[in-house]
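Presented below is the structure to which this report refers.
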Amino acid sequence: MQSKKNMEFILTKIGEMFPDAECELNHSNPFELTIAVLLSAQCTDALVNKVTPDLFSKYKTPEDYIQVPIEELENDIRRIGLFRSKAKHIKQLCQSLVENYGGEIPKDKSELVKLAGVGRKTANVVASVAFGEPAIAVDTHVERVSKRLGICRWKDSVLEVEKTLMKKIPEEEWSVSHHRFIFFGRYHCKAQSPKCDECPLLEVCREGKKRMKKRGVFV
DNA sequence: CTCCCGATAT
DNA sequence: ATATCAGGAG
């Protein structure tokens, strides 16, 4: 487990690396953000951003998604992958918005997770990015980076990772730190080829030191 | 736990 | 060819 001092070091360094880290999914309101995050499951946000301009131009309101035949919606998001379940979830989500929430995305996380296709991670993103609530959404990047650095254990669930991060990061820094973890994971500590050689966090990184040792490099 | 799934990087 | 991508539902 990392000490408090190590966490401060990590937050400082990734802050220097990615001072302007923020949500990269194109959106102009909470509704669009929710759709974009739902679409982003197991898919790069870069690809989501290729689809959403046309999508958001065609579908403005929940009613627009409800009225279109599902085959047509599937076709509009086909390139994203997992398109059949995502199209179904979007339709169910919009139906619920109209029936239970006056057509608006709820701000409360406990309400957000009741929406089809919206789990804990998506709810955290919407609450944080759209409504400014403190939250740490643990996606594949945050999970991988936290485990490589040694902030949590390899066997920890995403919920356990989230709890650990919330405990070790001051609440007022949750949202910024969360985005910096994402950027660090996406552009530097990449899944397939982490840049340990040029990593400012190497001296506090469990996995990085292990990889270096394996290559016979003294850290 | 498995399934959903196309696009892209390695 | 295979791994991975801002996961969630059943």
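Per chain, numbering begins at 1; letters A, B, ... match sequence-line order. Quick caveat: nothing in here was measured; it's all calculated off a predicted structure.
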**Request:** Rounded to the nearest angstrom, tell me the gap between atom CG in A/Leu159 and atom P in C/dG7.
**Result:** 16 Å
**Under 4.0 Å protein heavy-atom contacts per nucleotide of nucleotides 5-10 of chain B, with B for base, S for backbone only and - for none** = BBSS-S
**Request:** Starting at atom CG of A/Asn26, determine the distance to atom C1' of C/dA6, rounded to an integer number of angstrom.
**Result:** 14 Å
**Request:** Nearest whole angstrom, please: distance from the P of C/dC5 to the CG of A/Asp139.
**Result:** 9 Å
**Asked** Expressed in whole Å, how much space separates the C1' atoms belonging to B/dG6 and C/dG10?
**Response** 22 Å
**Request:** Determine the Euclidean distance between corresponding C1' atoms of C/dT4 and B/dC4; express it in Å to zero decimal places.
**Result:** 15 Å
**Asked** Given atom CD of A/Gln92 and atom P of C/dA9, what is their separation to the nearest angstrom?
**Response** 9 Å
**Message:** Please determine whether the number of non-hydrogen atoms from other residues, nucleotides or ligands lying under 6.0 Å from atom NZ of A/Lys88 exceeds 12.
**Reply:** no
**Asked** Looking for any heavy atom pair under 4.0 Å, which part of the strands does A/Val125 touch: base, sugar-phosphate only, or nothing?
**Response** base
**Complete:** Assign each of A/Ala46 and A/Leu115 the nucleotide of DNA chain C bearing its closest heavy atom; nearer the 5' end lies the nucleotide of A/Ala46
**Asked** In whole angstrom, what separates A/Lys121's NZ from C/dG7's P?
**Response** 5 Å
**Request:** Look at the side chain of A/Lys107 and the backbone N and O of A/Glu133, then say whether any donor-acceptor pair between them is shorter than 3.5 Å.
**Result:** no
**Asked** Just checking A/Leu38: base, sugar-phosphate only, or nothing, at a heavy-atom cut-off of under 4.0 Å?
**Response** nothing
**Request:** Verify the neighbour count for atom CD of A/Glu160: are there more than 12 heavy atoms of other residues, nucleotides or ligands below 6.0 Å?
**Result:** yes
**Asked** Taking OP1 and OP2 of C/dT4, is either one under 4.0 Å from a side-chain nitrogen or oxygen of A/Arg144?
**Response** no
**Asked** How long is the line joining NE2 of A/His89 and C1' of B/dC4, in whole Å?
**Response** 9 Å
**Request:** Would you mind listing the cluster partners of A/Val98? Hydrophobic ones only (ILVMFWY), side-chain contacts under 4.5 Å, chaining allowed.
**Result:** A/Ile66
**Prompt:** Between A/Phe181 and A/Val145, which heavy-atom pair has the shortest distance, and what is it?
**Reply:** CD2-CG1, 3.8 Å
**Gap in Å between the two P atoms, one belonging to C/dA6 and one to B/dT2, rounded** = 23 Å
**Request:** Have a look at A/Ile77 and say if it touches a base, only the backbone sugar-phosphate, or nothing, with a 4.0 Å heavy-atom cut-off.
**Result:** nothing
**Distance, rounded to the nearest Å, where A/Ile90 contributes CD1 and C/dG7 contributes P** = 15 Å
**Message:** Between P on C/dG8 and NZ on A/Lys91, what's the gap in Å once rounded to a whole number?
**Reply:** 22 Å
**Request:** Would you please confirm or rule out a distance under 4.0 Å between OP1 or OP2 of C/dA6 and any side-chain N or O of A/Arg186?
**Result:** yes
**Asked** Under 3.5 Å, side chain of A/Glu32 to main-chain N/O of A/Ser28, donor-acceptor pair present?
**Response** yes
Under 3.5 Å, sequence neighbours excluded: what are the donor-acceptor pairs made by side chains of residues 119-131 of chain A?
| from | atom 1 | to | atom 2 | distance (Å) |
| --- | --- | --- | --- | --- |
| A/Arg120 | NE | A/Glu162 | OE1 | 2.7 |
| A/Arg120 | NE | A/Glu162 | OE2 | 3.4 |
| A/Arg120 | NH2 | A/Glu162 | OE2 | 3.0 |
| A/Asn124 | OD1 | A/Lys109 | NZ | 2.8 |
| A/Asn124 | ND2 | A/Arg120 | O | 3.3 |
| A/Asn124 | ND2 | A/Glu162 | OE1 | 3.4 |
| A/Asn124 | ND2 | A/Glu162 | OE2 | 3.4 |
| A/Ser128 | OG | A/Ser175 | OG | 3.0 |

